[in-house]
Amino acid sequence: MAYKIDGTKCLKCGLCVTQDCPEQAFVVVNKVKEDDGLMRYTVKIDESRCTECDTCFSLEWWCPAKAIVKG
Ligand code: SF4
Ligand code: SF4
């Protein structure tokens, strides 16, 4: 089972990177400053670091868009 970010749901807010993944598996692969002045972060979960602890998936507040998926 792999944990991934569903790009169709992700808001690119970058919040998941600031949470306490015990393995620091959330990685910013690109960041862009949009015309509205906000930063947009393209994030991935590094499968080589993820221990599948389930924390990011089970905590409601981790991702506001529920874009973290198992599969
Ligand atoms: S917290 Fe959720 S919506 Fe925001 S960048 Fe991470 S996966 Fe995307
Ligand atoms: S399942 Fe655990 S180790 Fe994997 S990305 Fe989520 S919080 Fe990090």
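Residue numbers count from 1 along this sequence. As the structure lists them, so they are numbered: ligands from 1, and atoms in each ligand from 1.
- For ligand 1, the atoms sitting less than 4.0 Å from at least one non-hydrogen atom of P64 are 1 (S), numbered in the order shown with element in parentheses.
- Using a cut-off of 2.8 Å, one finds that C56 contributes an N/O/S atom close to atom 6 (Fe) of ligand 2.
- For Q24, the CD atom counts as loosely surrounded, since its 6.0 Å shell holds 12 or fewer non-hydrogen atoms of other residues, nucleotides or ligands.
- In this structure, K12 NZ and L38 CG are separated by 14.0 Å, a value rounded to the nearest 0.5 Å.
- Put simply, Y41 and I5 are part of the same group of oily side chains (I, L, V, M, F, W, Y) that touch within less than 4.5 Å, one to the next.
- Distance check, rounded to the nearest 0.5 Å: OG of S58 to NZ of K70 gives 8.0 Å.
- Applying the 6.0 Å contact sphere to CG of D36 captures more than 12 heavy atoms from other residues, nucleotides or ligands.
- Ligand 2 has F26 within reach: a non-hydrogen atom of the residue lies less than 4.0 Å from it.
- The nearest heavy-atom contact from the protein to atom 2 (Fe) of ligand 2 is C53 SG, 2.3 Å.
- Within ligand 1, counting atoms from 1 as listed, the ones closer than 4.0 Å to a heavy atom of C63 are 1 (S), 2 (Fe), 3 (S), 7 (S).
- Every atom of ligand 1 with a heavy atom of G14 under 4.0 Å away is listed here by number and element: 4 (Fe), 5 (S).
- No continuous path of ILVMFWY side-chain contacts below 4.5 Å connects V17 to V69, so the two sit in separate hydrophobic clusters.
- Under a 4.0 Å criterion applied to the non-hydrogen atoms of C50, ligand 2 contributes the atoms 1 (S), 3 (S), 4 (Fe), 5 (S).
- Shown here for Y3 and D54, the closest heavy-atom pair between the two residues is OH-OD1, 2.8 Å.
- Counting heavy atoms closer than 4.0 Å to ligand 2, residue I68 contributes nothing at all.
- Closest to atom 3 (S) of ligand 1, if we only count protein heavy atoms, is L11 N, 3.2 Å.
- Atom 8 (Fe) of ligand 1 has as its closest protein heavy atom C10 SG, 2.3 Å.
- The heavy atom nearest to atom 6 (Fe) of ligand 1, out of those in C13, C16, A67, A65, is found in C16.
- By the neighbour-count criterion of 12 heavy atoms within 6.0 Å, atom CD of E60 is sparsely surrounded, having that number or fewer from other residues, nucleotides or ligands.
- Which parts of ligand 2 touch T51 is read off a 4.0 Å heavy-atom cut-off, strictly below it: atoms 3 (S).
- Each of the atoms 3 (S), 5 (S), 7 (S), 8 (Fe) of ligand 2 lies under 4.0 Å from some heavy atom of C21.
- Distance check: I45 CD1 to C56 SG gives 5.0 Å after rounding to the nearest 0.5 Å.
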